[in-house]
Amino acid sequence: MFLDLGCGFPPMTTIGTARSLPGWQVIGADPAFGQYLVYDEDGRYALFDPEKRLRFVQSGNTDPDPEATRERFSRLLTDLLDGREGSGARLVAEPSREFECDNLTLVREGMGEIEIPGGVDVIRCMNVLMYYDQTFRLRTLEWAAGLLRPGGLLICGSNWAHSTCSRYTVYQRRGGSLVAREFAFGVDNVRPIELAPWYALHDDNVENRANAHAVGILRRDPRFRRHFDDRLDVELADLGVCARGADGYLGGAGDRSADDLAVIAAELAERLDEFVEDAVTVLQRNGYEAWRNSAAHVAMTPFMPPPLPNSRVR
Ligand SMILES: C[S@@+](CC[C@H](N)C(=O)[O-])C[C@H]1O[C@@H](n2cnc3c(N)ncnc32)[C@H](O)[C@@H]1O
């Protein structure tokens, strides 16, 4: 039994998990699942909760008038619920049901609410705890310990599209509580083309701090840094993105879309795979227990990262 906690909508990663693990029962849970999904005539969509409040609208960052878009979708919902059709718009009630299949169930519940008789083997909670502080995280760990079967795993942290910029902790239920077994990160975080690994909403974000600390150790190693930087510059030039100019500065990403950049970042991470072993060696030389894990990430025995200097502007 696999629980994807805070799976988002559409729950693409959860659907992928159910497909890859046909012998498992997968549950995707998210308190913000919409009750009504409205598509406009151009196929853009908005989600509404059971009280018909707008929760999300897919209008893009360049929408010149987001307020008008929200109002338009709200009018479309009213029209469709009252049976006024004809504009090419479409209504789906309980849209999460459309994604369910033999081994995938979706529930509108969040941390602390889900009850699964017999418990679960794995809880994945990616890109959720980053919104909360350490107190909430500790409550989540305690709750997850109660829901996991003995030996079960909780994987929590953050990443970006196509699993780039990964940094996460793996906990295991031992006795009645969770023990941190592994902190892991993608070697692409050493010099990412995305902002993600450096982005945090709370200074006490455990995985971001551990990632920054581990990357700091790697980048302080002159041999590793030189090899990594030289190779990354070659790959960036080859992929034609953020290439280093004659002035020594890195270039921009041009007019590539966020989706295209995410695909390039994933390709880069693959091309840098050989540096995983090098990173493991450098970390071991610095006194850390480190290894390459089954997800081809750099894994370490969890450690307490040093506190960050205060980042608040006074
Ligand atoms: C950025 S999305 C992450 C979606 C998906 N896990 C992924 O990595 O692509 C964060 C999701 O966490 C959900 N969320 C927020 N608070 C939650 C809570 N207390 N329990 C469970 N899910 C929560 C939100 O509704 C949102 O869908």
Side-chain angles (χ1 to χ4, degrees), residues 2-21 26-37 45-51 53-58 61 94-96 98-99 104-116 120 122-148 153-171 184-186 188-189 194-202 205-208 211 258-259 261-263 265-266 269 295 297:
F2 183 109
L3 172 65
D4 203 358
L5 181 63
C7 62
F9 184 90
M12 302 316 290
T13 319
T14 327
I15 294 166
T17 303
R19 284 195 187 131
S20 331
L21 301 173
V26 176
I27 299 174
D30 201 300
F33 275 153
Q35 173 77 18
Y36 304 105
L37 173 63
Y45 64 86
L47 270 177
F48 294 82
D49 70 12
E51 280 73 45
R53 285 180 302 226
L54 185 87
R55 297 301 300 253
F56 176 79
V57 59
Q58 185 214 21
N61 294 336
E94 287 285 354
S96 54
E98 298 224 317
F99 298 103
L104 174 60
T105 311
L106 297 168
V107 294
R108 189 186 293 125
E109 286 175 329
M111 196 284 285
E113 297 173 316
I114 306 155
E115 286 178 21
I116 301 170
V120 300
V122 176
I123 301 174
R124 178 176 60 201
C125 185
M126 289 298 283
N127 301 303
V128 178
L129 294 181
M130 60 194 273
Y131 294 103
Y132 296 99
D133 62 12
Q134 187 67 7
T135 309
F136 184 92
R137 180 185 174 103
L138 293 176
R139 283 213 315 271
T140 302
L141 295 186
E142 203 177 313
W143 172 76
L147 189 60
L148 282 168
L153 301 177
L154 165 69
I155 303 161
C156 66
S158 302
N159 62 0
W160 198 241
H162 307 289
S163 298
T164 55
C165 305
S166 293
R167 60 267 186 219
Y168 52 91
T169 308
V170 181
Y171 293 88
F185 63 99
D188 51 316
N189 290 357
E194 301 279 1
L195 182 67
W198 314 126
Y199 166 83
L201 294 164
H202 293 275
N205 182 309
V206 175
E207 282 83 22
N208 274 18
N211 177 70
D259 287 349
L261 267 182
V263 171
H297 291 141

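Heads up: numbering here begins at 1 and tracks the sequence. Note that ligands are numbered from 1 as they come in the structure, with each ligand's atoms numbered from 1 the same way. Computed over heavy atoms, backbone and side chain alike; hydrogens, waters and symmetry mates excluded.
Closest protein heavy atom to atom 20 (N) of ligand 1: Met111 N, 2.9 Å. Looking from atom 12 (O) of ligand 1 to the surrounding protein, the closest heavy atom is Val128 CG2, 3.5 Å. Among all non-hydrogen protein atoms, the one lying nearest atom 15 (C) of ligand 1 is Tyr132 OH, 3.6 Å. Shortest contact from atom 23 (C) of ligand 1 to any protein heavy atom: Pro31 CD, 3.6 Å.
Checked by distance only, ligand 1 and Met126 come closer than 3.5 Å through their nitrogen or oxygen atoms. At under 3.5 Å, a nitrogen or oxygen of Gly6, whether backbone or side chain, sits near a nitrogen or oxygen of ligand 1.
For Arg124 and Thr13, the side-chain atoms include no donor-acceptor pair closer than 3.5 Å.
The distance from the OH atom of Tyr132 to the CE atom of Met111 is 7.5 Å, given to the nearest 0.5 Å.
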Please test Glu142 against Leu138 for side chain to side chain contact (heavy atoms under 4.5 Å, CB included), starting from the C-alpha separation and ending with a verdict. CA-CA 6 Å; Glu142 203 177 313; Leu138 293 176; over 6 Å; no
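Between Phe33 and Val107, the closest side-chain pair of non-hydrogen atoms is not below 4.5 Å.
Of the possible polar contacts, one joining the Asp49 side chain to the Arg53 backbone as a donor-acceptor pair under 3.5 Å is found. Formation of a donor-acceptor pair under 3.5 Å by the Asn189 side chain with backbone atoms of Ser166 is found in this model. A donor-acceptor pair under 3.5 Å links the side-chain atoms of Arg167 to the main chain of Cys165, judged by distance alone.
Within ligand 1, the atoms closer than 4.0 Å to a non-hydrogen atom of Asn127 are 1 (C), 2 (S), 3 (C), 7 (C), 8 (O), 10 (C), numbered from 1 in the order shown. If you number the atoms of ligand 1 from 1 as listed, the ones under 4.0 Å from a heavy atom of Gly110 come out as 20 (N), 21 (C). Numbered from 1 in the order shown, with element, the atoms of ligand 1 that lie under 4.0 Å from a heavy atom of Gly8 read 4 (C), 27 (O). Interface of Ala32 with ligand 1, defined as ligand atoms under 4.0 Å from a residue heavy atom, comprises 25 (O). Those atoms of ligand 1 with a heavy atom of Phe136 less than 4.0 angstrom away are 19 (N).
The proximity of Phe9 to ligand 1, defined as any non-hydrogen pair under 4.0 Å, does not occur for either the backbone or the side chain. Heavy atoms of Asp30 found under 4.0 angstrom from ligand 1 belong exclusively to the side chain.
Note: Tyr45 and Phe56 have tilted aromatic rings, judged against thresholds of 30 and 60 degrees for the angle between ring planes.
Taking the six-membered ring where the residue is Trp, the centroids of Phe9 and Phe99 are separated by under 6.0 Å.
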